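Beneath this line is the structure, given in structure tokens, with notes to follow.
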Amino acid sequence: MRTRRSLLDLDDLTAEELTEVFARAGAFEASTPEKRLAGVACVNLFFEPSTRTFTSFNLAELRLGAEVVNLAPKDLSYLNKGETIEDTVITLSAMGIGVLVVRHPEEGFPASVAMNFDGHVVNAGDGTHAHPTQALLDLYTLLEEFASLRGRDIAVVGDVVHSRVARSLLAGLKRLGANVRLVGPEAFVPQHYGDGGAVVERDFDRVLPDVDAVLLLRIQRERFAGAPISDEEYIARYRLDAPRLKKLRKKAIVLHPGPYNRGIELDESVLRFPGWRYTTQVMHGVSVRMAVLDLLVNGT
Ligand code: NCD
């Protein structure tokens, strides 16, 4: 039975906690953090490849003084010795593991793990469903730039339909009062996505002069079969490149959760653009994850 707070999606945090996470992330960046997770065992369990999220959770746990175990799926008895995931989780609970960070291709997998786990579960990405810590670090990066997102115009561009990053981020942008435009072809941005308050746009060039920030998404080819749009057409209509960068507002910034595909959703000119905030996002990823772990384990 679930007894401890988990972070499965952004709506697990109240408005006050959201503010608290950003404040703590800022404090962790400003000075050497205390070992606030000393004696807390954290297990990172990633069933999908990950560079940024995996490494930053590791660093976050280590910097707060936690005991860290990385459990590779190939070493799990439940995948090759007939044990169920429920029994695996019961086993980890019995060892007194405090935090389980889980990434899995199936939507809802971290939530089902949380049902049987005695500690805190953090969703590090489940299928196309949610990726709350990525949304938090994206919001933190935007807030650092704009102080408030109320009334700010943000474009989320590309394969929205297969993106857990977009799903969690949209919820956050809405909560913070931003005006969101979802930009892409019908296959990646279905018309009904406009029902939740965002505006659906097909013409990227028309949107560019009207936004404060652009968040680019990777085409998540591993999540669908076939090619709903050719690379040539996608590049022609949606790749951010030098001519499109010129259409942006003077202080506009560009974000990407990574991994980015050079030549597809962006070209090299974006990497040299003064408003390119990718490495800033990655840097904040560590402190925001420290803040989340600290909040879950130690409370407000
Ligand atoms: C994303 C993911 O895995 O959901 N990356 C990330 O965690 N920073 C986005 C992607 O795979 O395109």
Side-chain angles (χ1 to χ4, degrees), residues 7-10 25 44-61 70 72-73 101-111 121-142 154-173 182-185 187-189 213-224 227-229 231 234 238-240 253-266 270-271 276-293:
L7 181 69
L8 303 174
D9 203 352
L10 217 55
N44 302 309
L45 183 52
F46 280 59
F47 292 86
E48 270 185 14
S50 174
T51 305
R52 282 145 286 264
T53 308
F54 178 75
T55 308
S56 59
F57 266 113
N58 265 264
L59 285 176
E61 293 155 359
N70 288 310
V101 178
V102 188
R103 168 172 286 197
H104 198 279
E106 222 173 88
E107 290 82 12
F109 187 89
V121 175
V122 184
N123 181 5
D126 60 332
T128 60
H129 172 239
H131 194 348
T133 58
Q134 180 68 43
L136 288 168
L137 77 90
D138 292 341
L139 292 172
Y140 186 82
T141 306
L142 288 164
I154 316 283
V156 178
V157 187
D159 184 6
V160 174
V161 80
H162 301 109
S163 173
R164 55 193 176 207
V165 172
R167 207 172 301 279
S168 290
L169 179 65
L170 284 175
L173 288 172
L182 301 176
V183 187
F188 292 159
V189 186
V214 174
L215 186 125
L216 300 171
L217 296 170
R218 182 179 65 87
I219 300 178
Q220 323 251 309
R221 297 183 206 275
E222 71 280 19
R223 303 225 160 88
F224 58 88
I229 177 169
D231 279 0
Y234 190 84
Y238 298 109
R239 181 173 72 183
L240 190 57
I253 59 168
V254 180
L255 293 84
H256 195 306
Y260 52 77
N261 287 172
R262 291 183 192 218
I264 306 291
E265 69 269 23
L266 51 77
V270 175
L271 310 180
W276 176 233
R277 290 291 177 271
Y278 170 72
T279 51
T280 311
Q281 289 170 271
V282 173
M283 189 254 297
H284 290 327
V286 178
S287 47
V288 164
R289 290 183 171 110
M290 288 167 76
V292 164
L293 293 167

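Every number for a ligand or one of its atoms is a count from 1 in the order of the listing. It should be emphasised that the depicted structure is a prediction, and the values quoted were computed from it without experimental measurement.
The aromatic rings of Phe224 and Phe188 sit tilted relative to each other, their planes meeting at an angle between 30° and 60°. Classification of the Tyr260-His256 ring pair by plane angle, with boundaries at 30° and 60°, yields perpendicular.
Judged by distance alone, the side chain of Arg52 and the main-chain N or O of Val282 form no donor-acceptor pair under 3.5 Å. Remark: the backbone N or O of Leu255 is not paired with any side-chain donor or acceptor of Arg277 at under 3.5 angstrom.
Look at Glu107 and Arg223 and you find no salt bridge, because none of the NZ, NE, NH1 or NH2 atoms lies under 4.0 Å from a carboxylate O.
Protein residues with any heavy atom under 4.0 Å from ligand 1: Thr53, Arg103, His131, Gln134, Arg164, Val165, Arg218, Gln220, Pro257, Gly258, Pro259.
With sequence neighbours left out, the side-chain hydrogen bond (donor to acceptor under 3.5 Å, both in side chains) criterion links Asp159 to His162.
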